[in-house]
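Reading through the structure tokens given below for one structure.
What you see below is based on every heavy atom in this structure, not just the backbone, and it leaves out hydrogens, waters and symmetry mates.
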Amino acid sequence: MKEIKEQKAVVYCRVSSAKQVREGHGLGSQETRCREYAAHKGYEVVEGFRDEGVSGGLIDRPGMQDMLAFLRKHRRHRQHVVIIDDISRLARGLEAHIQLRTEIQAAGGKLESPSIEFGEDSDSRLVENLLASVSQHQRQKNAEQVVNRMQARVMQGYWVFNPPLGYRFETVEGHGKMLVRDEPQASSVVEALEGFASGRFQTVSEVQRYLDTIPTFWERRKSACRFSMVKELLERPLYAGYMDVVKWGIRLHPAKHEPLVSFETWQKVQERLKGDAPAPIRKDMRPDFPLRGFVTCNCCERPMTAAWAKGRNSRYAYYFCQTKGCSEFRKSIRGDKMESDFEGVLRALRPTPALFALAEQMLRDLWQERLDRGQGHGKDAKAEIAKIERKSGKLMERLLQTDSPAMIVAYEKQIQKLEEEKLALTEKVQNCGRPLKSFDDTYRTACEFLSNPWKLWVSDSLENKKTVLRLAFAGRIPYCRKEGYRTANPALPFKALGEFQGAGLGLVEPRGIEPLTSSLRTRRSPI
């Protein structure tokens with residue numbers, strides 16, 4: 001008597017949501033139902049295939065392709081039953097369903113399911129195709145509902161896409177999931193945006209180099225920091241508390257999350273991005289030679305370069321002029337001497353403690369005066385907002401009346417520009433008379449720098465050294481190989497302090513025609 005071979009079967013399961021994979025729903029229950037069906041039918045399940053988090057509208061899926069390869073490999077020996085839990089697990093589109101069904105059949109497989117009978121007669125195929133069409137309709141309907149819910153959420157002021165660097169999602173009572181600051185990335189984003197807006201970072205490449213120095217900043221990204229990623233970061237209005245979703249026609253919509261910078265700062269960043277790009281910082285600016293390109297040759301007034309020279313027992317750093325025809329061409333200057341002399345130049349910029357205290361008090365008085373004037377600025381800003389609204393209304397009327405595509409685009413650009421001005425003024429009205437930070441928080445770093453720029457220079461950060469060169473001096477400094485640094489041209493704050501000090505490095509004594517009185521002697525406070 002001929003032995004009857006037991007029917008072999010494979011199980012195929014699929015879920016389209018990554019959440020279902022993480023939470024363990026879907027795949028396990030599908031496989032259990034399929035194996036129970038196989039046991040009921042007397043099939044031996046020899047293999048199982050899964051597609052985790054893959055859309056049913058796709059044909060080229062890893063698990064499906066592995067199953068087809070398995071069926072083709074064993075096609076000569078026997079036919080395998082392919083068990084799926086439901087017709088939607090195979091595909092959620094009529095075209096994809098028909099193509100996959102044909103490929104499974106050609107590979108030596110036979111579809112079966114505990115939910116539907118796959119027949120070859122016309123009636124069975126009609127029912128099967130109708131169910132596949134219904135599944136496709138459900139997938140499309142679900143997608144539409146998801147988009148509608150996302151749009152409604154955005155219009156309520158909540159971001160619904162992946163959080164940008166500096167933010168993370170957190171469930172907040174009364175709001176649901178919303179963006180909150182994600183430190184330390186958030187502080188780095190603030191530093192990048194405010195630094196670029198103020199000109200401390202002259203180019204996008206400088207911002208990129210700054211962010212590259214922070215080891216943890218890009219840890220969420222698998223790829224390295226790219227120029228395009230940094231430019232996108234600078235362009236995001238999300239950091240100023242507004243949302244742009246171009247595909248839904250949403251532009252600068254107010255958001256509920258806490259902004260990292262002011263809208264005014266974000267506007268300055270956009271203006272600088274659209275403006276003429278300054279010359280980029282030299283790529284050979286390295287911690288080894290912080291003065292390369294800044295110090296000039298006293299003879300030809302061209303920037304000096306630098307290099308390492310190999311000695312008998314060690315390597316030595318040298319600066320030198322690279323201009324052919326110059327009398328100092330290739331005549332080296334020891335790096336430690338030039339940099340030590342430069343530290344002496346920086347120390348000479350340091351004002352006396354008494355003078356600096358006086359300058360700081362003047363800044364405080366100016367700060368208070370600006371606060372007092374804030375209320376008046378608020379009224380002016382409100383009047384300007386009213387003017388902008390009238391202009392926008394007139395432009396909107398013209399937009400509705402015109403049929404010219406060129407005029408429509410022009411009016412839309414004007415309305416958008418006016419809307420941005422209105423947002424900036426609205427923010428100004430809200431903050432008039434109420435500083436975002438205290439005087440100490442705002443000017444602490446600036447005051448520390450003015451009091452002694454040498455401290456920032458001797459830090460290990462190349463970015464700090466470049467900041468000192470940019471902020472402490474109005475131009476490059478010439479250096480003579482035999483005599484050292486020539487007269488430096490300090491930047492405006494240090495020049496003002498120097499002029500205020502006077503040649504005697506102290507306040508002028510209150511001495512007039514008459515002899516100095518005892519009361520004046522007591523009050524005199526020499527610097």
Side-chain angles (χ1 to χ4, degrees), residues 16-19 53 55-58 92-93 136-172 174-182 189 193 220-221 228-263 265-267 269-270 273-274 388-389 392-393 395-400 402-427:
S16 58
S17 168
K19 182 179 179 181
S55 170
L58 298 175
R92 299 205 71 170
Q136 176 175 315
H137 172 74
Q138 289 176 340
R139 178 172 64 89
Q140 293 172 343
K141 196 66 179 176
N142 288 341
E144 290 175 6
Q145 290 174 348
V146 169
V147 170
N148 290 338
R149 286 195 294 267
M150 291 172 68
Q151 285 181 326
R153 185 83 174 145
V154 169
M155 296 309 296
Q156 291 171 359
Y158 300 98
W159 187 247
V160 296
F161 305 100
N162 290 333
L165 288 164
Y167 282 112
R168 60 182 171 82
F169 278 122
E170 186 175 291
T171 302
V172 180
H175 297 275
K177 286 180 66 175
M178 68 180 298
L179 294 177
V180 295
R181 290 178 68 109
D182 186 19
V189 170
L193 289 166
R220 277 207 226 147
R221 304 268 186 176
S228 59
M229 294 164 60
V230 178
K231 192 168 185 293
E232 182 186 1
L233 182 148
L234 294 173
E235 291 173 343
R236 275 186 178 273
L238 207 62
Y239 295 120
Y242 294 91
M243 297 181 290
D244 269 1
V245 186
V246 177
K247 62 182 178 181
W248 294 340
I250 297 174
R251 169 70 178 163
L252 292 180
H253 186 74
K256 295 287 180 68
H257 64 265
E258 175 193 356
L260 298 187
V261 296
S262 67
F263 186 76
T265 298
W266 181 80
Q267 275 190 313
V269 171
Q270 306 319 300
L273 287 173
K274 293 174 184 175
I388 289 174
E389 288 176 344
S392 296
L395 287 171
M396 188 63 71
E397 289 177 6
R398 294 177 187 175
L399 177 63
L400 294 174
T402 185
D403 294 328
S404 169
M407 294 301 295
I408 289 173
V409 172
Y411 286 144
E412 286 178 345
K413 285 184 178 179
Q414 290 182 51
I415 292 171
Q416 180 178 320
K417 186 177 179 181
L418 289 172
E419 188 62 28
E420 290 183 11
E421 292 178 9
K422 179 183 172 182
L423 290 174
L425 289 168
T426 302
E427 184 179 73

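The main-chain N or O of Leu234 is found under 3.5 Å from a side-chain atom of Gln270 such that the two form a donor-acceptor pair. For the pair Trp266 (side chain) and Arg236 (backbone), a donor-acceptor distance under 3.5 Å is present. Side-chain atoms of Tyr242 do not come within 3.5 Å of backbone N or O of Pro259 as any donor-acceptor pair. Under the 3.5 Å distance criterion, the side-chain polar atoms of His257 are left unmatched by any main-chain donor or acceptor of Met178. Of the possible polar contacts, one joining the Asp244 side chain to the Leu252 backbone as a donor-acceptor pair under 3.5 Å is found.
Minimum interatomic distance between Leu179 and Leu238 (heavy atoms only, all atoms of both residues): CD1-CD2, 3.9 Å. Here the shortest heavy-atom pairing between Phe263 and Ala240 reads CA-CB, 3.9 Å. For the pair Gln156 and Lys256, the tightest heavy-atom approach, listed with the atom from each and the gap, is O-NZ, 3.2 Å. The minimum heavy-atom distance between His253 and Met155, with the atom names listed, is NE2-O, 2.9 Å. Contact between Val189 and Leu165 at its shortest, heavy atoms only, is CG2-O, 3.6 Å. The nearest pair of heavy atoms linking Val154 to Met243 is O-CE, 3.2 Å.
Leu400 contributes atom CG, which lies 6.5 Å from atom CE of Met396 (distance to the nearest 0.5 angstrom). Distance check, rounded to the nearest 0.5 Å: CH2 of Trp159 to CZ of Phe169 gives 8.5 Å. Leu418 contributes atom CG, which lies 10.5 Å from atom CD of Gln416 (distance to the nearest 0.5 angstrom). In this structure, the separation between CG on Asn142 and NE2 on His137 is 9.0 Å, given to the nearest 0.5 Å. Here Glu412 contributes atom CD and Leu395 contributes atom CG; the two are 11.5 Å apart, rounded to the nearest 0.5 Å. Considering CD of Glu389 and NZ of Lys422, their distance stands at 4.0 Å, rounded to 0.5 Å.
Counting only heavy atoms from C-beta outward, the side chains of Thr265 and Tyr239 never approach each other to under 4.5 Å.
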Item to check | side-chain contact (heavy atoms from CB on, under 4.5 Å) between Phe161 and Met150, worked out | outcome: CA-CA 9 Å; Phe161 305 100; Met150 291 172 68; 3.5 Å; yes

Next on the checklist: side-chain contact (heavy atoms from CB on, under 4.5 Å), that's the test. Do Arg168 and Val180 meet it? Break it down for me.
Outcome noted: CA-CA 6 Å; Arg168 60 182 171 82; Val180 295; 3.8 Å; yes

Item to check | Residue pair Leu233, Met229: steps toward the side-chain contact (heavy atoms from CB on, under 4.5 Å) verdict | outcome: CA-CA 6 Å; Leu233 182 148; Met229 294 164 60; over 6 Å; no

Item to check | Step-by-step side-chain contact (heavy atoms from CB on, under 4.5 Å) determination, Leu260 to Tyr167 | outcome: CA-CA 9 Å; Leu260 298 187; Tyr167 282 112; 3.5 Å; yes

